[in-house]
2 protein chains.
Amino acid sequence: MAQRGRPRSFDRTAALRQAMEVFWQKGYDNASMADLTAAMGLNPPSLYAAFGSKEGLFREAVAFYVETEGKGIWEEIAKAPTAREAVAHLLEATALAYTSGPEPRGCLIVLGAPQPECASPAIRDDLKKRRLDGVRILEERLERAVTDGEIPNHADCAAIANFYATVQHGLSIRARDGASRETLLSVAGCAMAAWDKLTT
Amino acid sequence: MAQRGRPRSFDRTAALRQAMEVFWQKGYDNASMADLTAAMGLNPPSLYAAFGSKEGLFREAVAFYVETEGKGIWEEIAKAPTAREAVAHLLEATALAYTSGPEPRGCLIVLGAPQPECASPAIRDDLKKRRLDGVRILEERLERAVTDGEIPNHADCAAIANFYATVQHGLSIRARDGASRETLLSVAGCAMAAWDKLTT
DNA sequence: CATTTTATGTATCGATTGATAAAATAAAGC
DNA sequence: GCTTTATTTTATCAATCGATACATAAAATG
């Protein structure tokens, strides 16, 4: 059954992608509705009808970001045969993703709303939760490695997970500062240099 | 010779400290003049007479931050007898500083204006320069360690400096997410676990 | 056809943004 | 005491903020 009423004249997904780019570049608070409507090619009423609010638009933009940019970074965590390969891939994929375009990128989830006093506490908390989810996913992968016998029992999985998550977050800052792909990859390599000592 | 005219009725340094706290909590863009005047206990004209503009106030706040919060973190870099101790102290002092209060802290220089499209490109670039200065200071300390014979010639000082700077930047994000002092110290320890492999 | 429903374009809402003009006030030099 | 200089208070500036009211356009339904 087809929709009633006048159909929308724009590609919702394409508009969402444009919104994601604006939020990625400016962050939640600094991205104005004027910026967003201009980039998306919409008038404000169309935007509000399709996405509800600036907050709703950002939530969808983040979900879209996770499904597109984030997928290649995190999906290998579970698939990799060893925790070491999982972590190494995470950092390398991060380095590649953060230097994929001409513009400074970094992670939308890390940089989208970094201030404790954000215009939208819900947005701030949502991004924070997503970041902490990343730490937890890492920790769970390491604990699985203990079960698998890859890592000894006495290894501090929480500490190791926190360490590699911290490195990954730091890569966002370095990427925004214009660090090259080679530099970020070398940082990933340096972080992996600690692996043996941390897991034996 | 004393000042002519009516002297100001407020403590300029105390007001600057209050402004620093507001910027630290909200970032440059999100801190409104209303926030600042309220925290500093001033009327707008007094603020503008004393600090010139929001941008000027932020610059002074950052300089004040470096002189107070940042001093204990970076001054040991040159003093420490070995590069290893210098880097270890940097990370540990960072972990302590970022968890010194009840509120999520992190670094003002890392988090004060993280967006590529900031309301003030000059502010954004100034903070970026300060971050890159940190990387350079680390690298120079490592190169000195090569000269001193602490580290072999073939060590990649730039890569190592980039790695530890990345960890330090990442600590700001983790601190904002509420990571405990013990967690941040353990991250610092994990980072130092890579030292031997990176320097031999 | 007319009716209903939804989307669009124009214009604008009250609130807040960074920043001042004008006037009142206070302290120093003469 | 008088002048000079600077600060403080009050009120407000134009611009922008996120979000809508309203009228019109385009599709499905009857």
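Protein chains get the first letters and strands the later ones, always in sequence-line order, with residue 1 at the start of each. Computed from a prediction, not measured in an experiment: that's the story for all the values here.
Between Leu42(B) atom CG and dT20(C) atom P the separation is 16 Å, expressed in whole Å. Between the P atom of dG18(D) and the CG atom of Leu57(A) lies a distance of 11 Å, rounded to the nearest Å. Distance Lys54(B) NZ to dA19(C) C1': 12 Å, rounded to the nearest Å. As rounded to whole Å, 17 Å separates atom P of dT9(D) from atom OH of Tyr48(B). dG18(D) atom C1' lies 14 Å from atom CG of Asn30(B), rounded to whole Å. Here dT17(C) presents its P atom at 10 Å from CG of Leu36(B), a figure rounded to the nearest Å. Atom-to-atom, CG of Leu47(B) to C1' of dT20(C) comes out at 13 Å; the value is rounded to the nearest Å. Between the P atom of dT16(C) and the CG atom of Asp29(B) lies a distance of 19 Å, rounded to the nearest Å.
Note on Leu127(A) and Ile173(B): separate hydrophobic clusters, where clusters join Ile, Leu, Val, Met, Phe, Trp and Tyr whose side-chain heavy atoms are under 4.5 Å apart, directly or indirectly.
Shown for residues 6-16 of chain B: residues whose heavy atoms fall under 4.0 angstrom of DNA chain C, namely Arg6(B), Pro7(B).
Under the 4.5 Å side-chain criterion, counting only non-hydrogen atoms from C-beta, Arg84(A) is in contact with Asp196(A). Two residues are said to be in side-chain contact when any heavy atoms from C-beta on lie closer than 4.5 Å; Leu108(A) and Phe64(A) fail this criterion.
A sub-4.0 Å separation between OP1 or OP2 of dT9(D) and a side-chain N or O of Asn43(B) is present. Between Ser46(A) and dT8(C) there is a side-chain N or O to OP1 or OP2 distance below 4.0 Å.
Residue Met33(A) places its side chain closer to dG18(D) than to any other of dT10(C), dG18(C), dG18(D).
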Extract all donor-acceptor atom pairs below 3.5 Å that involve side chains of residues 69-82 of chain B and protein atoms in other chains or at least two apart in sequence.
unit_1, atom_1, unit_2, atom_2, d
Lys71(B), NZ, Glu67(B), OE1, 3.1
Thr82(B), OG1, Glu85(B), N, 3.1
Thr82(B), OG1, Glu85(B), OE1, 2.9

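Pairing each heavy atom of Met40(A) with each of Ala19(A), the nearest pair is SD-CB, 3.8 Å.
Shown here is Arg17(A), whose CZ atom has no more than 12 heavy atoms of other residues, nucleotides or ligands within 6.0 Å.
For residues 39-63 of chain B, the ring-ring contact (aromatic ring centres under 6.0 Å, His included) pairs, not counting sequence neighbours, are Phe23(B)-Phe58(B), Tyr28(B)-Phe58(B).
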